Every structure is written in structure tokens, then in C-alpha cells.
Amino acid sequence: MVKCDKCKKEFNERIYEQNKKFGNLKVTKTFLMCPYCHKKITICFDTDATLSKKKQIRKNTALLKTITDEREYKKQVKNIEKRKKKLEREMKILQTKYARDFMEE
């Protein structure tokens, strides 16, 4: 359950996506929408590149279960955290750059 900041009502999560093209770049806004007041709650902005990086991070995280050497495990965890921080920065840049373009007309 999610609580809307605007109307304060709780609702079940339903994820929506909105795509826009900017030249050759496709940007996807992922968001929730309150069924009562219709406020959009932005989750993130993605491109094919950030989606690919998310997939790689999930894959590497799943592979952690197979690592038995403690040093190797810590090394891989550190690598994953580094990738997550880089991805987070990229997604913040996308939000800053494209949020206005996704505002309702």
C-alpha cells in the first residue's frame, strides 16, 4: 500500500510508464498514480542504457550467492555498490534534464 501525499488516501501500487523520444534517445518515466486525486508519483527516469545497467546489477547481485571465497565476495559487493552509485547519478541527471518534458499538458 502507498499513501498519497496530496489526498492522504492509501492505495495499492500500480506502476505506469510513459515514454518520450528526444532525438534518438528514448526516455521512460516510471510512476505511480493515485486513483483518487490522480497525482503522479515519479519513481524514476530511464533510458536503454540505464535499464541495461540495472539488469547487469541484478545479474551480478544474483551471482553473489555462488561465491564462496569471502575476499571475492566482498570485492564483488564493492563493485556492485560502485555501479549502483554511478547508475543513481545517471538517473538523477535524467530526472533533472527531462522531468519538465513529462509534465502534464
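From a predicted model like this one, the values you see are computed outputs, not experimental measurements. Just so you know, these numbers use all the heavy atoms, side chains as well, and skip hydrogens, waters and symmetry mates.
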Could you tell me whether the side chain of K85 reaches within less than 4.5 Å of the side chain of R89, counting heavy atoms only? yes
I want to check something: taking the side chain as every heavy atom from C-beta on, are L32 and K40 in contact at a cut-off of under 4.5 Å?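 No; the side chains remain at least 4.5 Å from each other.
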Taking only residues two or more places apart in sequence, or in another chain, which ones meet Q76 in a side-chain hydrogen bond (donor to acceptor under 3.5 Å, both in side chains)?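 side-chain hydrogen bond (donor to acceptor under 3.5 Å, both in side chains) check on Q76 returns E72.
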How long is the span from the [atom1] atom in [X] to the [atom2] atom in [Y], to the nearest 0.5 Å?
{"X": "T47", "Y": "K53", "atom1": "OG1", "atom2": "NZ", "value": "7.5 Å"}
{"X": "Y16", "Y": "T30", "atom1": "OH", "atom2": "OG1", "value": "13.0 Å"}
{"X": "K55", "Y": "N60", "atom1": "NZ", "atom2": "CG", "value": "12.5 Å"}
{"X": "M103", "Y": "K29", "atom1": "CE", "atom2": "NZ", "value": "8.5 Å"}
{"X": "D46", "Y": "E90", "atom1": "CG", "atom2": "CD", "value": "10.0 Å"}
{"X": "T68", "Y": "E70", "atom1": "OG1", "atom2": "CD", "value": "11.0 Å"}

Do [X] and [Y] sit in the same hydrophobic cluster, where Ile, Leu, Val, Met, Phe, Trp and Tyr count as joined when their side-chain heavy atoms come under 4.5 Å apart?
{"X": "L51", "Y": "I80", "value": "no"}
{"X": "L87", "Y": "L64", "value": "yes"}
{"X": "F45", "Y": "F22", "value": "yes"}
{"X": "Y36", "Y": "I41", "value": "yes"}
{"X": "I15", "Y": "V2", "value": "yes"}

Does the pair E88/K84 count as a salt bridge with the N-to-O cut at 4.0 Å?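 The answer is no: the pair does not qualify as a salt bridge.
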When you measure from the side chain of S52 to the backbone of D48, do you find a donor-acceptor pair of N or O atoms at a distance under 3.5 Å?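 Not confirmed, S52 side chain does not pair with D48 backbone.
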Honestly, is K20 close enough over F102, meaning NZ or CZ under 6.0 Å from the six-membered ring centre and within 45° of the axis?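 Ring-cation test returns yes.
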Can you see which heavy atom on M91 is nearest to which on T50, and at what distance? CG-CG2, 4.3 Å
Nearest atoms (heavy-atom pairs only) where F11 meets M33: CE1-O, 3.7 Å
With K97 via side chain to side chain contact (heavy atoms under 4.5 Å, CB included) - residues at least two apart: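 Side chain to side chain contact (heavy atoms under 4.5 Å, CB included) list for K97, sorted by chain: empty.
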